[in-house]
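Single-structure report; data block below.
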Amino acid sequence: MSAFASDPGLNEVRDAAGHGTEVDVAVHLQDGTVRLSLLWTQEILLSADDADQVAQALQRAAEQARRITASRRPDRPTGV
């Protein structure tokens, strides 16, 4: 079982050139790291709309990662 949670909003994002390349943005649920994967290649060509979707997924992942790492900080004030 993977400790990464992928963003389901990217299920339909594919390479604009028609190569079937996929993009995945995921957050590691234990340490809060963000993974950006390009599946089946080293690069991907995105339409403007798909690029927006990837950017938004990265922003969501960053916020989730911040929440995960904030909950692990020993210097975290109580009541937060």
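Summarising the geometry of D7 relative to N11, their closest heavy-atom pair is O-OD1, 4.4 Å, with the distance given to 0.1 Å. Scanning both residues, G20 and D15, for their nearest heavy atoms gives N-CB, 4.4 Å. Looking at every heavy atom in both residues, V13 comes nearest to Q53 through CG2-OE1, 3.7 Å. A pairwise comparison of heavy atoms in L10 and A57 identifies CD1-CB, 3.7 Å as the closest pair.
Taken to the nearest 0.5 Å, the CD atom of E63 stands 8.5 Å off from the CD atom of Q59. Note that CG of L45 is 6.5 Å distant from NE2 of H19, once rounded to the nearest 0.5 Å.
The side chain to side chain contact (heavy atoms under 4.5 Å, CB included) search around E12 returns none, not counting sequence neighbours. Evaluation of the side chain to side chain contact (heavy atoms under 4.5 Å, CB included) rule for R35 yields F4, S6, D24, A26, S37 as partners, not counting sequence neighbours.
Residues V34 and Q64 have side chains not in contact (no heavy-atom distance under 4.5 Å, counting atoms from C-beta outward).
Both I44 and L36 belong to a single network of hydrophobic side chains, linked directly or stepwise wherever heavy atoms of I, L, V, M, F, W or Y lie under 4.5 Å apart. One hydrophobic cluster, built from ILVMFWY side chains closer than 4.5 Å, holds both L38 and V25.
Pairs passing the side chain to side chain donor-acceptor pair (under 3.5 Å) check and including a residue from residues 40-52, sequence neighbours excluded, read E22-W40.
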